[in-house]
Q: 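One structure, as structure tokens, below. Some questions next.
Per chain, numbering begins at 1; letters A, B, ... match sequence-line order.
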There are 2 protein chains.
Amino acid sequence: MKFPNSYYISDYKLPINDYFVFGLSVDCVIFGYQEGEIKVLLVQRGLEPFKGNWALIGDLVEPKQNLCDAANNVLEKLTGLKNIYLKQFFAFGSVDRHPLDRVVTVGYFSLVNSMDYKPIASSWAKSARWFNINDLPELAFDHHTILLKGIETLKDEVRHKPTGFELLPPKFTLLELQLLYEALLGYKFDKSNFRKKIIEMNILKPLKEAKENVSHRPAQLFEFDEKRYRALEKEGFSFEL
Amino acid sequence: MKFPNSYYISDYKLPINDYFVFGLSVDCVIFGYQEGEIKVLLVQRGLEPFKGNWALIGDLVEPKQNLCDAANNVLEKLTGLKNIYLKQFFAFGSVDRHPLDRVVTVGYFSLVNSMDYKPIASSWAKSARWFNINDLPELAFDHHTILLKGIETLKDEVRHKPTGFELLPPKFTLLELQLLYEALLGYKFDKSNFRKKIIEMNILKPLKEAKENVSHRPAQLFEFDEKRYRALEKEGFSFEL
DNA sequence: TCAAAAGTGTTCCGAATACACCCATGC
DNA sequence: GCATGGGTGTATTCGGAACACTTTTGA
């Protein structure tokens, strides 16, 4: 490697080659929403180390691959979905986090609408399963730590940005939205007040369609108006609750 | 390296050795507060590449060094201060972010009380300077991107957590606190309302001392009550504004 | 006595809360 | 008709915004 003797300004006397010994990986915390509960997608490892344990999906980053591309690839390989909501949340770099060598991993979290998710025929997908985030199995590596940090980030994000919409189908009713937020935040809303608040934000586009095949009055459907949200955001509007 | 043929479950056929080619560094965005303005500490590079440009301080991580230890070391080497507020905010991993080789860098941001900061006699400190965050010089590498992300993170953090206290001396007056938050957030508060709000949060410990040597009525001094804040946080209290 | 900042009190308004109530549909 | 969720209206409360005012110090 044609690296100078010091990267920034360092006191190290070691040849610089000795510094290019890191492995780099990405791990994805994939959230979904089913039956009123927040789920996370895990796979069962088929190889050592930690063979048989459940784990986040992830992979080593290639030498010429951008971090976010690596994360997108991992996600696409498992779900077949492209352009999914994907956000980096933390880099985990403890010396001993991997039993065999020095691997730094970057955590991404992702929200998928479970209806879109069709496990595809890969060695991964066969062993993939959704777990309730309050009822997790033992995890490989430091994936438990990563997952907890991911959940924390999700909750922070949900409270201040209209993140949750990614978990719903594109068209949804106000009650569905309310139930989702109740699951995400862990507390109840008053129906009337929740509606008033979200409607007045002006980030939902009311549709002329209604829910069908329900044994009660059919509810109006809405879409998240992303364009409108971006516009409001620029004006200083900030999503709360 | 005794690495198995696949890290997680991968389709790669390459020998695994080819994946351990990453350099890893940390870069610190160090914020300070002087004369009512938010500053950031930069150093002038003495070596190629980007010799002469201003840059964040940072360094390569050693093979057996934890990420956060690396960041702390960098900070200590420049300022002589240990146990400073330091928080990871993002990993920057573009393939081409470094002109000479593949180096992934992890950004940390830090808040220091400028009174504590005494540049120490090192090759770094000689060329260190505080810059107003609205008046930045040209920066080396992708440090401008990193810095902007750091500023963004700071503003998010400040709004939802009692972060700003690190920028003040341990004992401060309410007006000093107000002016700091005005600088951080970019807008004014009403004196009376600001006081009421912050006092009612119960996270400040009023002292029996007062500011001295001022040509007007001396103000009461306060301390941030970290213990109390942690306790309140556990009960679900959330700091806002 | 004046300037400058410390510190307090009060009114007003809008938003959040807590309910109560009516509507539409399938069975 | 009744169960179920859809959808609306309103009185009350609480907290924030705006602003005025008094106090204490040094010069």
Q: Of the listed nucleotides (C/dA5, C/dA24, C/dG7), which one gets closest to any side-chain atom of A/Pro218?
A: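 Nearest to the side-chain atoms of A/Pro218, counting from C-beta on, is C/dA24.
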Q: On DNA chain C, compare the nucleotides closest to B/Lys196 and B/Thr173; which residue's is nearer the 5' end?
A: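 Between the two, 5'-proximity favours B/Thr173.
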Q: Can you measure A/Phe237 atom CZ to C/dA15 atom P for me and round it to whole angstrom units?
A: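 Rounded to whole Å, this separation is 13 Å.
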Q: In whole Å, I'd like the distance from the NZ atom of A/Lys197 to the P atom of D/dT8.
A: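 Distance, rounded to whole Å: 19 Å.
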Q: How long is the line joining CD of A/Gln220 and P of D/dG6, in whole Å?
A: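 From A/Gln220 CD to D/dG6 P: 12 Å.
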Q: On DNA chain D, compare the nucleotides closest to A/Ser215 and A/Phe222; which residue's is nearer the 5' end?
A: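 First, find each residue's nearest nucleotide; the 5'-ward one identifies A/Ser215.
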Q: Contact class for A/Leu175 vs. all strands (heavy atom < 4.0 Å): base, sugar-phosphate, or nothing?
A: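 A/Leu175: backbone/sugar contact only, no base atoms under 4.0 Å.
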Q: Go through residues 187-195 of chain B and report each residue with a non-hydrogen atom lying under 4.0 Å from DNA chain C, sorted by number.
A: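 Residues of residues 187-195 of chain B that come under 4.0 Å of DNA chain C are, in numerical order, B/Lys191, B/Ser192, B/Arg195.
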Q: Measure CD/B/Gln178 against C1'/C/dA5 and give the value in whole Å, please.
A: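 Those two atoms, CD and C1', are 12 Å apart.
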Q: What is the distance, to the nearest angstrom, from the CG atom on A/Leu177 to the C1' atom on D/dG6?
A: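 From A/Leu177 CG to D/dG6 C1': 15 Å.
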Q: For A/Leu207 and A/Lys171: C-alpha separation, side-chain torsions, deciding distance, then whether side-chain contact (heavy atoms from CB on, under 4.5 Å) applies.
A: CA-CA 8 Å; A/Leu207 302 173; A/Lys171 300 173 181 182; 3.7 Å; yes
Q: Evaluate the ring planes of A/Phe131 and A/Trp54, with Trp represented by its six-membered ring, and classify them as parallel (under 30°), tilted (30 to 60°) or perpendicular (over 60°).
A: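 Correct class here is perpendicular.
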Q: Roughly how far apart are A/Lys197 NZ and A/Ile199 CD1, rounded to 0.5 Å?
A: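 It comes to 14.0 Å.
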Q: For B/Ile199 and C/dT8, what is the distance between atoms CD1 and P respectively, to the nearest whole Å?
A: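 Roughly 8 Å, once rounded to whole Å.
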Q: Roughly, in whole Å, what's the span from CZ in A/Arg217 to P in C/dC27?
A: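 The answer, rounded to whole Å, is 18 Å.
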Q: Atom CG in B/Leu221, atom CG in B/Leu204: separation rounded to 0.5 Å?
A: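 Those atoms lie 11.5 Å apart.
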Q: Examine B/Lys149 relative to B/Phe90 and say whether NZ or CZ is less than 6.0 Å from the centre of the six-membered ring and inside a 45° cone about the ring axis.
A: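 Yes, B/Lys149 lies over the aromatic ring of B/Phe90.
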Q: Are B/Lys87 and B/Tyr85 close enough that some pair of their side-chain heavy atoms sits under 4.5 Å apart?
A: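 Result yes, sub-4.5 Å side-chain heavy-atom pair found.
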Q: Within the structure provided, determine whether A/Met201 and A/Phe237 are in side-chain contact (heavy-atom separation under 4.5 Å).
A: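 Yes, at least one pair of side-chain atoms sits under 4.5 Å.
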Q: To the nearest Å, how far apart are B/Glu240 CD and D/dG15 C1'?
A: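 That distance rounds to 14 Å.
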